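Read through the structure below, which is laid out as structure tokens, and then see the notes.
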Number of protein chains: 2
Amino acid sequence: MAAATIKDVAREARVSVASVSRALNGGGGVTAATSARIHAAAERLQYIPHAAARMLITRRTHTVGALLPDLYGEFFSELIRGIDLAARARGLHLLVSSSHGGATEAAAAVRSMQGRVDGLLILSERVDTAFLRANLPKALPVVLLNSAVSGPAFHVINIDNHGGAVAMVRHLLQAGHRSVALIAGPPGNFDASERERGYREAMARYAPRAALTVVAGDFTEESGYRAGQQLLARTKRPAAVFAANDMMAVGCLAAFKDAGARVPEDIALAGFDDIPITRYVTPALTTVRVRIADFGRLALERLADVVEHPGQETPSADTLGFEIVVRDTCGGNKPEQNS
Amino acid sequence: MAAATIKDVAREARVSVASVSRALNGGGGVTAATSARIHAAAERLQYIPHAAARMLITRRTHTVGALLPDLYGEFFSELIRGIDLAARARGLHLLVSSSHGGATEAAAAVRSMQGRVDGLLILSERVDTAFLRANLPKALPVVLLNSAVSGPAFHVINIDNHGGAVAMVRHLLQAGHRSVALIAGPPGNFDASERERGYREAMARYAPRAALTVVAGDFTEESGYRAGQQLLARTKRPAAVFAANDMMAVGCLAAFKDAGARVPEDIALAGFDDIPITRYVTPALTTVRVRIADFGRLALERLADVVEHPGQETPSADTLGFEIVVRDTCGGNKPEQNS
DNA sequence: CTGAAAGCGCTTACAG
DNA sequence: CTGAAAGCGCTTACAG
């Protein structure tokens, strides 16, 4: 037997489908007695309104889409969790889509979500203003995460890459280290460039006479290991190393250990992200913590607001707070908070 | 201006909506010339078929739902990734739903996905046969992951908890350890009980005269730490410890270190899962690896098959392979493969 | 308060 | 090959 439709309920309750609709959607305009009869009939028939039919007529899907480059790893895991929790709290479904290598794929993903979602959360290196104008139906609400896109056209929420980097470099400097080197992230990456900008700014401000040392990396553990070796090979070793993310810091730490350099006695080290591994390496890594789940939650709530008040919300650029987590790799012990 | 509909395209191409539908869906029955005109018109209007309308008429959503207890952590992150990759390869959308504390919530989640998905992937402790019969529309294809539900009624895919545990205990025994203790997982948990069953079976088979030692745990790092302390406090320390998951093994390792017990010289240790942290603790942890992403991929493919051939697929109970990953905590060095 | 009817955007027999 | 028409299951003015 096929699933019950509104017609079945109407017949069972001896009313019109219009009344069933009104009673079940609680809009009023139905006698208490009629409503009770309808609810009883719906219950008996295990009636569940057909989602597609409702979407078609109401133009609302009660679903939001999340376009992400990947679903793997600590960062995305936490991010999705935050988004999911907030969506659930608002009664929204979550449609995910990942692995958008290039702009073409991302465009296809946007198209295919068309009509299935009330709004979109997008986190992608490939997505810029031009892309959005070309591929986004103008009516579809969007919130961009960690995006370089700025300007008044779109809602954006970013991690405070710049602020976190500034604070960490200042922390290292204040802990007594005279020189701080940076292991940079991949060229062209938004997070990476913002963190480097923070490094340069903090050095200029707090240690204007110290030399800048930037070695290349690509956010992987291996690149951190190689960077650590390079740093050690220099005639003038830096007193401290700031890796643009934790995975590189972990790799760098291994390189230091393998070379017999003691951390933090011989050289200090700090990372960015506060992934779980940082607590388990020895010594435990000092790093910048960003509350990723909050990031996702905030993004979803902003999107939901935009969906509910289309056009009313003026595009905003929010930045998420961070905190410096002092563990054992940087030799200082002045905890510092910031958010 | 609102999004273009099939009517707009029909008008633009000077044909009926029926022809537009046929041309765009490639079913044939349209002249090449007409088809070209229609495609051109669709292109010009940036026409994208309305998903809800199509769902309503075709009864297909091209979406699968994933009901999970949580989205957080290495396991779910990889699982979703595997599911997502396979879904994308099949052109299916993925609707996720997590945080199903109790059966009531899970039931609500199933109901709310009704009509939005062509099939469901379910991983939940709460979901048993009775639950499924009560809450699942009989027509909705389902694949159960890591579920105790058996019998011919449902498709099930499980991790080889039992086989992995047997292999690991045998490995420890073959490495020369005379006694192996188990740090068990939470009571009532399917994975935990299967792993314990494997431990008991392997001990009975390969070390029938050795004493069985089982200390309680709940899969958390803290419970592993406490279990480690308890094990050390015993008058007869076991030669080796098999923790039912990696997080407990990591906690246990910390307890051993804190107490000055050397691993593996004084006591051997092994875990289950092969989460990333296992490679970073010192010494690196020997463990059982399960290819979680493959797990998700397989589950999705099976579901997709069931969706496409409703009723034809006979319910199956598949089990995923594993491998023993020998690192530095168990003192033996006889790599062993199994899948 | 209640119902008949139109319509959301599509697909698919059914004729021609 | 092509089109007119019915219908998927719902909601919402519009009358009564």
Side-chain angles (χ1 to χ4, degrees), chain A residues 1-39 41-42 45-63 111-118 137 139, chain B residues 1-39 41-42 45-63 111-118 137 139:
Chain A
M1 109 203 146
T5 73
I6 196 171
K7 274 187 177 172
D8 300 318
V9 178
R11 192 182 312 118
E12 178 86 4
R14 303 168 169 286
V15 293
S16 70
V17 295
S19 290
V20 174
S21 179
R22 281 188 287 254
L24 263 29
N25 292 323
V30 191
T31 325
T34 312
S35 178
R37 214 165 70 241
I38 291 170
H39 276 96
L45 266 35
Q46 299 206 55
Y47 171 66
I48 298 178
H50 192 91
R54 197 174 242 171
M55 285 181 207
L56 182 57
I57 191 86
T58 63
R59 310 265 112 182
R60 273 300 201 86
T61 64
H62 295 286
T63 303
R111 286 175 57 97
S112 78
M113 285 220 171
Q114 174 93 264
R116 298 175 169 272
V117 299
D118 294 332
Chain B
M1 112 202 143
T5 73
I6 195 172
K7 274 187 178 171
D8 300 319
V9 178
R11 192 181 313 119
E12 178 86 4
R14 304 169 167 286
V15 294
S16 70
V17 295
S19 291
V20 175
S21 178
R22 280 188 288 254
L24 262 28
N25 293 323
V30 190
T31 325
T34 311
S35 179
R37 215 167 68 242
I38 290 171
H39 275 95
L45 267 36
Q46 298 206 52
Y47 171 65
I48 298 179
H50 192 91
R54 196 174 242 171
M55 286 182 206
L56 182 58
I57 193 84
T58 63
R59 310 264 112 184
R60 273 303 202 81
T61 64
H62 294 286
T63 303
R111 287 176 56 97
S112 77
M113 284 218 172
Q114 174 93 263
R116 298 175 168 272
V117 299
D118 294 332

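From a predicted model like this one, the values you see are computed outputs, not experimental measurements. Note on naming: letters A, B, ... go to the chains in the order of the sequence lines (proteins, then strands), and numbering restarts at 1 for each one.
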> Going from CZ on R37(B) to CD on E12(B), what distance comes out if it is rounded to the nearest 0.5 angstrom?
Replying inline: 10.5 Å

>> Strictly distance-based, threshold 3.5 Å: is any side-chain N or O of T31(A) a donor or acceptor partner for the main-chain N or O of A33(A)?
In response: no

> From I48(B) CD1 over to L24(B) CG, what is the distance, rounded to the nearest 0.5 angstrom?
Replying inline: 11.5 Å

>> On DNA chain D, compare the nucleotides closest to S19(A) and T31(B); which residue's is nearer the 5' end?
In response: T31(B)

> Taking the side chain as C-beta and beyond, is there a heavy-atom pair between R22(B) and V15(B) under 4.5 Å?
Replying inline: no

> From the 5' end of DNA chain C to its 3' end, which nucleotides mark the outer limits of contact with chain A, defined by a 4.0 Å heavy-atom distance cut-off (strictly under)?
Replying inline: dC1(C) to dG9(C)

>> How long is the straight-line distance from CD1 of I6(B) back to CG of L45(B), given to the nearest 0.5 Å?
In response: 12.0 Å

>> Rounded to the nearest 0.5 Å, what separates atom CD1 in I57(B) from atom NE2 in H50(B)?
In response: 13.5 Å

> Got a minute to check which stems DNA chain C is part of, using Watson-Crick or G-U wobble pairs under 3.5 Å, three or more consecutive?
Replying inline: C:1-3 with D:14-16, C:5-12 with D:5-12, C:14-16 with D:1-3

>> So if I take residues 45-56 of chain A and measure heavy-atom distances to DNA chain C, which residues fall below 4.0 Å?
In response: L56(A)

> Is the CZ atom of R60(A) crowded by more than 12 outside heavy atoms at less than 6.0 Å?
Replying inline: yes

> Is there a donor-acceptor contact under 3.5 Å from the side chain of R116(A) to the main chain of T61(B)?
Replying inline: yes

>> Within this structure, what is the OG1-CZ distance for the pair T5(B) and R11(B), rounded to the nearest 0.5 Å?
In response: 7.5 Å

